[in-house]
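These notes concern the structure reproduced below.
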Amino acid sequence: MKKIFYLIVCIAFAIASCKKNSEQEYSNANANRNQSQLISTAVINAFIREEIYKSGEFNWAKASDEMLWSAVIHSGDHIVSVGYKPADEENVEKRLTEINISSKKWLTVKQQVLQIIFNEEKKQRHNLKIENLEVWKEKVLPVMDVTIENINTIKLLRQSKLIRYAEPMGYDPEKFENNDKVLIGGSGCGGYVGDNNLIEGSDYTVVAPSAKVSWNYSYHGIQNAWTRTTGTGIKVMVIDSGVSDDQDNLGSEFNQGYSLGRTIQKIVTLPRSNSVNDNCGHGTAMAGEIAAPRCVDGNSCGVAYNCNLVTCHASEDVYLDESREVKGVSDAYTYAANDSTIKITSESTGRITTASQIRDAILYAYGKGKLMFCAGGTSFSWSAWWWGVIFPASISEVNAITGIKDYEDRVVACDDCHKGPEIDFVIVMEKRRGGLHALSTATSGDVPTTVGGSSIATATSAGIAALVWSRFPTFTRDEVLNKLITTASEYPNQRYYFGWGKLNADLATQ
């Protein structure tokens, strides 16, 4: 009897082993077949560049299924941003503030999309559970971030009427070059230390009680505007790399000198990061340009030195090439949108390709009445081949900013500043002789640093907007923007590369 039993067990084991081996062979064959379809990063990047040359932007909807899937695989984490909708819904992007993704209708659609993904992905990932597909849970927007490895999943999603978009979150050109070696690391980070060579009278002036005013403020009438408004009552959110724990003028000494009775809030939206601290330095400089106090310690003074401030650690650096940075920036905008006290956002980070999840978040914030400023682009190695306006500054719902040199008779972009028809305003931030950039707060200490590019120009613009809104507190977002436009240097005309021209805080606050 025992022999018969053991025989049955052995046969069953053999069948199970054969089945397992067969499944493994199928999986390996499928994987090999998929790998044979993999398009190289060089080909993907060339396609992206060609599309940008044609239309000025790149959206993943223009790529083939094979190219999109290849970008997902090359990204490493295989995370795909999937925007969904009920089949009968139209113009979802224009109605994002009206959508409740927790309603039965939207929850049903989300589950249907997850089921599509799960049914296909489990053919290769046999231990996959549907509840583990989502990497990060979305609370506001009709989008989900999921891991995808099967090209057939991509194909099914793009064919479905339930899908608005499906995009690789962690792929952007120039991240992968030279046989797929990572080219970028910490773009825009480091070097934000105090400059002890600054000269009083030419590089800065000193105002009471003991604050340094950057040389470029006079080109925008900022000090004249201070006779009417200093930003009181307006809250600005900086979406960047956080703020340094070591810069007390953006911490314990935020209220000092002529800057009193205001608030600073520090948050983090970057996944897998629990710290508000700025390990890059870029976010600290941007926050300081907008809101650093008119101090007693000799540091640099912010444009709107009495505004309230929210600093958001949404990215590790300036270049948004990580999936979690896309999620971090997206969550930053929805946070700002749902906080009625935040009036203005300033983002000096970006990427080359469109990230529709960030676009959704910006459209959501726009629908909530936020006035948003984004950097037009500053060339590092990753964007040296292209001088157009980067994403998300390329979106019409935000105000795209770039920096210019201090010429009196003409408009010339700074050496590394991008320009294009999407630019709305410009800020003088680079001296044509010597190349000195604008002053702002360093990562630590009371000696100012200098910062260039469209980044500092964007923060300066957000500060000027805060002055205007503080001067006219009953204004809507559009009324504030109209003030900025009608008092800018080129109004009533728009220049092709430089928009409405230089902002004028003096005229805009009269």
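Position 1 is the first residue of the sequence; numbering continues from there.
- Between Asn59 and Glu167, the closest side-chain pair of non-hydrogen atoms falls below 4.5 Å.
- Under the 3.5 Å distance criterion, with hydrogens and angles disregarded, no donor-acceptor pair is assigned to the side chains of Ser394 and Glu422.
- The CD1 atom of Ile427 sits 3.5 Å away from atom OG of Ser461, with the distance rounded to the nearest 0.5 Å.
- With respect to Lys105 and Asp88, a salt bridge is recorded, a charged nitrogen being found less than 4.0 Å from a carboxylate O.
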CA sep, side-chain torsions, deciding dist, call: Tyr364, Asn338, side chain to side chain contact (heavy atoms under 4.5 Å, CB included): CA-CA 9 Å; Tyr364 182 80; Asn338 289 324; 2.8 Å; yes
Residue pair Glu138, Gln357: steps toward the side chain to side chain contact (heavy atoms under 4.5 Å, CB included) verdict: CA-CA 11 Å; Glu138 174 61 40; Gln357 186 166 339; 4.1 Å; yes
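- With sequence neighbours left out, Gln115 forms a side-chain hydrogen bond (donor to acceptor under 3.5 Å, both in side chains) with Asn119.
- Although no hydrogens or angles enter the test, the distance criterion places no donor-acceptor pair under 3.5 Å between the side chain of Asn399 and the main chain of Phe373.
- Annotation: side chain of Val113 is not in contact with side chain of Val146 (no heavy-atom distance under 4.5 Å).
- Checked against the 6.0 Å centroid criterion, the rings of Trp500 and Phe498 do not qualify as a close aromatic pair.
- Taking the six-membered ring where tryptophan is involved, the planes of Tyr171 and His74 are tilted, since the angle between them lies from 30° to 60°.
- Defined by atom type and a distance below 3.5 Å, a donor-acceptor pair is missing between the side-chain atoms of Asn504 and Tyr491.
- Side-chain atoms of Lys370 come within 3.5 Å of backbone atoms of Ile342 as a donor-acceptor pair (strictly under, hydrogens ignored).
- The environment of OH in Tyr407 is crowded: more than 12 heavy-atom neighbours from other residues, nucleotides or ligands sit within 6.0 Å.
- Contact record, Ala287 with Val238: CA-CG2, 4.1 Å, taken as the closest heavy-atom pair.
- Within 6.0 Å of OH in Tyr497 there are 12 or fewer heavy atoms belonging to other residues, nucleotides or ligands.
- Here the side chain of Thr354 pairs no donor or acceptor atom with the backbone of Ser356 at under 3.5 angstrom.
- Both tests do not hold together for Lys327 against Trp136: distance to the six-membered ring centre under 6.0 Å, angle to the ring axis within 45°.
- In this structure, CD on Glu430 lies 4.5 Å from CG on Asp415, to the nearest 0.5 angstrom.
- Note that CG of Asp406 is 12.0 Å distant from SG of Cys414, once rounded to the nearest 0.5 Å.
- Atom CD of Glu397 sits about 6.5 Å away from atom OH of Tyr366, to the nearest 0.5 Å.
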Audit row: Ser454, Ile401, side chain to side chain contact (heavy atoms under 4.5 Å, CB included) steps and yes/no: CA-CA 6 Å; Ser454 63; Ile401 311 298; 5.9 Å; no
Step-by-step side chain to side chain contact (heavy atoms under 4.5 Å, CB included) determination, Thr353 to Glu51: CA-CA 10 Å; Thr353 59; Glu51 290 298 319; over 6 Å; no
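- Of the candidates Asn152, Thr153, Thr147, Thr153 is the only one forming a side chain to side chain donor-acceptor pair (under 3.5 Å) with Glu121.
- The closest side-chain donor-acceptor pair between Thr284 and Thr443, if any, does not fall under 3.5 angstrom.
- For the residue pair Ser455/His282, the side-chain donor-acceptor check at 3.5 Å is satisfied.
- The aromatic rings of Trp215 and Tyr219 sit perpendicular to each other, their planes meeting at more than 60°, with 30° as the lower class boundary.
- At a cut-off of 3.5 Å, with distance as the only test, a side-chain donor of Asp278 or Ser241 sits close to an acceptor on the other residue.
- Surrounding CG of Asp478 are more than 12 heavy atoms belonging to other residues, nucleotides or ligands, all under 6.0 Å away.
- Note: Met429 CE to Leu439 CG = 12.0 Å, rounded to the nearest 0.5 Å.
- Using a 4.0 Å cut-off between a side-chain N of Lys or Arg and a carboxylate O of Asp or Glu, Arg324 and Glu316 qualify as a salt bridge.
- Between Arg95 and Glu89 there is a salt bridge, with a side-chain nitrogen of the basic residue lying less than 4.0 Å from a carboxylate oxygen of the acidic one.
- Cation-pi geometry between Arg359 and Phe391 is not met at under 6.0 angstrom from the ring centre and within 45 degrees of the axis.
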